[in-house]
Number of protein chains: 4
Amino acid sequence: MSANSADLPDIDKAELRRLQVLDAAAACFRLAGFHAASMASIAKAAGMSVGHIYHYFANKEAIISAIIDREQHKQLQVIHMLLRAENTIEALIEHAEQGLADSLDLSNSALNFEMIAEASRNPKVAEMLQASNRVLHEFGKDIITKARVDLPALSEEDNNARCDLIISLFDGLSMRAISNPRLNTQAVLPALQRTIVQIVRS
Amino acid sequence: MSANSADLPDIDKAELRRLQVLDAAAACFRLAGFHAASMASIAKAAGMSVGHIYHYFANKEAIISAIIDREQHKQLQVIHMLLRAENTIEALIEHAEQGLADSLDLSNSALNFEMIAEASRNPKVAEMLQASNRVLHEFGKDIITKARVDLPALSEEDNNARCDLIISLFDGLSMRAISNPRLNTQAVLPALQRTIVQIVRS
Amino acid sequence: MSANSADLPDIDKAELRRLQVLDAAAACFRLAGFHAASMASIAKAAGMSVGHIYHYFANKEAIISAIIDREQHKQLQVIHMLLRAENTIEALIEHAEQGLADSLDLSNSALNFEMIAEASRNPKVAEMLQASNRVLHEFGKDIITKARVDLPALSEEDNNARCDLIISLFDGLSMRAISNPRLNTQAVLPALQRTIVQIVRS
Amino acid sequence: MSANSADLPDIDKAELRRLQVLDAAAACFRLAGFHAASMASIAKAAGMSVGHIYHYFANKEAIISAIIDREQHKQLQVIHMLLRAENTIEALIEHAEQGLADSLDLSNSALNFEMIAEASRNPKVAEMLQASNRVLHEFGKDIITKARVDLPALSEEDNNARCDLIISLFDGLSMRAISNPRLNTQAVLPALQRTIVQIVRS
DNA sequence: AATGAATGAGCCTTCATTCAT
DNA sequence: TATGAATGAAGGCTCATTCAT
């Protein structure tokens, strides 16, 4: 149908424009933070006029929300992709290297810090992070349970606690990238892997 | 002497005013972040006119720097106070409870997130955090070494890596307070303690 | 073409807005001086919001520069127009009356004083005045040379000196308008004309 | 009397402090202009606290007025001193060199420009300049009359006009120092002297 | 869909002036 | 006489947002 072949590209185009704005905004937010980045800078980075951005987003806050939403999905997807098929502790250990690298990559974590800072004052943003975290926990629960098939089952609370500890390790390491730029990846990796095993199986 | 009792309070008074501003600024920054908090709000919180703040600080950035500086000192002092006399792994384990509580206390960590976010774009702020971290590492090195008196010595790099991991745990846990408000302290504490021991002694 | 009649006005419109700001600024600067005139007063005089002025000028200093630039061009153009075709001493003498009237017109010279005062501390402004002055000298050189066709040629330095003297007369007279408001144009004009002739031909 | 010997020095001291402020203010005004110079900068230059300046002057405007007043007196005194005894055209010619040098000295004229600019908007300041100018005219009248003892007497208006022209020359030359920094004193002086003679005696 | 002109509130900062000591 | 702490009113400038085209 002509309507179909004409409409779909239009819908796609609009969605593409939206993504174009989000990419530009993410870049600006990374460089300047949510508040210091101006709509003008985002428009420039997106190659579009300031006014036109308001066709796709109600206001700056909506862009921030969309960014946070997308970023959380991206992070979950990365984890999913890494551990999908296998979903075992061996996979977790094996991929710790990639996880460590990601944690230490400032271009990954800069937006994350912005989100955490924002969430610490904005309950709506906090809820977004929490929703994402619930999925992460669901995922971690599986891995831990599988990894302990030969050991006594854990209480739900204990399982969650261990899960929190592992996530904390990676989140905390992303903060290290800033406070300790001389952090030695090669020295940290084995210790990190040992620690993960210990958390899961002790 | 009267000179003494008259002069000293004057010196103190100026310093007191400065602290008054810093306290007010810290409160505002916690609530709104470095950039969204206005000088007017800080002045109001400090019970002083906007203009007068500029007698004590050259500009807003100077206030931010002073806050960061003070906050880093506070954190180091807390650690020092906790572990000073003993400086052993037992003390570390014992005080993990307090450390965990501090990490999970948003009123402690909100400013910390602000600092990290700021440091991820502002090299001067980053340097302040790094200087503070160097002291922390010096301290951690001692504890780890003492805790391993019966074990083979570690290379400097390995020691540092373990130190980074332990700090990461606490930093990461402070992020948990936001992403997982239902985090169960009682369940986390023993796992955390076990993990610290493992990191230090494995 | 419709494109033509639609596009050109747009270009002109922006330029018109710019001129609108400059006219408003000139009026405000005349009344209050460069520093005492506020952006708010300029915006009001230009019938436009404060913020919008910054679409046309980077900052207040840029407005001042543009005003100075335009004012210098205006002055050179007036002189050009007066003496263009003829370029003789007779024209100079004849137009001395207009020149005197211009010098004594405070609405002309108020901005000039502002510029001189500014130039005496701001090297960039000084350079603008000096560039304009060089053109003026080029022009004066021609007139003096032509006026002395029957007399021995002057050294470059002597020619310049005489040129400076004539300009000084007019500039100085503009200061008289303030220090001596009772100055009698009718009495000054013949003496001024005699003096110009003497400076050129003695 | 002890009262006398105690009071007089006090009065002198107060007057000295006043002058100290004026000197400091003159320096600041020269560098930054009346409006851009802050009371704080004046206080610092005067080696005294900001608040104390208000014991000697009601407000900043009073300082400006006092500066203008003093500056005008200074200038008249200089002229008086130069031409006092002789009061002849020969003296005028002879001292033209010093007059030219003074005119071209920016440290002399910077305050003058500030005054003129201020007078062009502030009637009170204008009146001060005009009062000073009246004295100057009185003085010039004498010189011109004496110089023309062998020539027909001039009408009051003609005499004033010539006086204005001579003053204009020097005022205008002070503007040259800014618009034409390459002005050649040696070339200008003889032309200036010839012109003065011509104005007085033609 | 797309532009960018236009607004106005609000921000950081400065400064003349006052006042307690 | 002398200080400098304290105020509050502007000032220049930015920026999210709207709207006519």
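The structure presented is a predicted model; accordingly, all values stated were derived computationally and were not measured. Numbers restart at 1 for each chain; the letters A, B, ... are given by sequence-line order, proteins then strands.
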Integer-rounded Å distance: E/dA1 P and A/Glu15 CD: 13 Å
Rounded interatomic separation in angstrom, taking NZ from A/Lys44 and C1' from E/dA2: 19 Å
Residue pairs, two or more places apart or on separate chains, that pass salt bridge (charged side-chain N to carboxylate O under 4.0 Å, His left out) and touch residues 53-69 of chain A: none
Earlier contact from the 5' end, DNA chain F, for C/Glu61 and A/Lys60: C/Glu61
Separation of atom CZ in D/Phe57 from atom C1' in F/dA2, rounded to whole Å: 16 Å
C/Asp23 vs C/Arg70 side-chain heavy atoms within contact, under 4.5 Å: yes
Test item: C/Ile63 and C/Tyr56 side chains (from C-beta on) under 4.5 Å apart, heavy atoms: no
Nearest atoms (heavy-atom pairs only) where C/Ala66 meets C/Arg18: CB-NH2, 4.2 Å
Partners meeting salt bridge (Lys or Arg N to Asp or Glu O under 4.0 Å) with C/Arg30 (sequence neighbours left out): none
A/Lys124/A/Glu118 salt bridge by N-O under 4.0 Å criterion: no
I'd like a table of donor-acceptor pairs (distance under 3.5 Å, sequence neighbours excluded) in which one partner is a side-chain atom from residues 33-48 of chain D, with atom names and distances.
| from | atom 1 | to | atom 2 | distance (Å) |
| --- | --- | --- | --- | --- |
| D/Ser38 | OG | D/Ser41 | N | 3.1 |
| D/Ser41 | OG | D/Ser38 | N | 3.4 |
| D/Ser41 | OG | D/Ser38 | O | 2.7 |

d(CZ, D/Phe34; C1', E/dC15) in whole Å: 18 Å
Nucleotide-resolved protein contact map, nucleotides 5-10 of chain E, B/S/- at heavy-atom distance under 4.0 Å: SBBB--
Selected nucleotide, minimal atom distance to D/Tyr54 side chain, candidates F/dC13, F/dA16, E/dT17: E/dT17
For atom CD1 of C/Ile63 and atom C1' of F/dG11, their distance in whole Å: 13 Å
Partner residues of B/Gln72 under the side-chain hydrogen bond (donor to acceptor under 3.5 Å, both in side chains) criterion, sequence neighbours left out: B/Ser132
Touch class at under 4.0 angstrom, heavy-atom based, for D/Ala37 against every strand present: sugar-phosphate
C/Ile116 vs D/Ile116 side-chain heavy atoms within contact, under 4.5 Å: no
Bracket string, DNA chain F, 5' to 3' - pairs by Watson-Crick or G-U geometry under 3.5 Å, | interstrand: .||||||||||||||||||||
Integer-rounded Å distance: F/dA9 P and B/Met39 CE: 17 Å
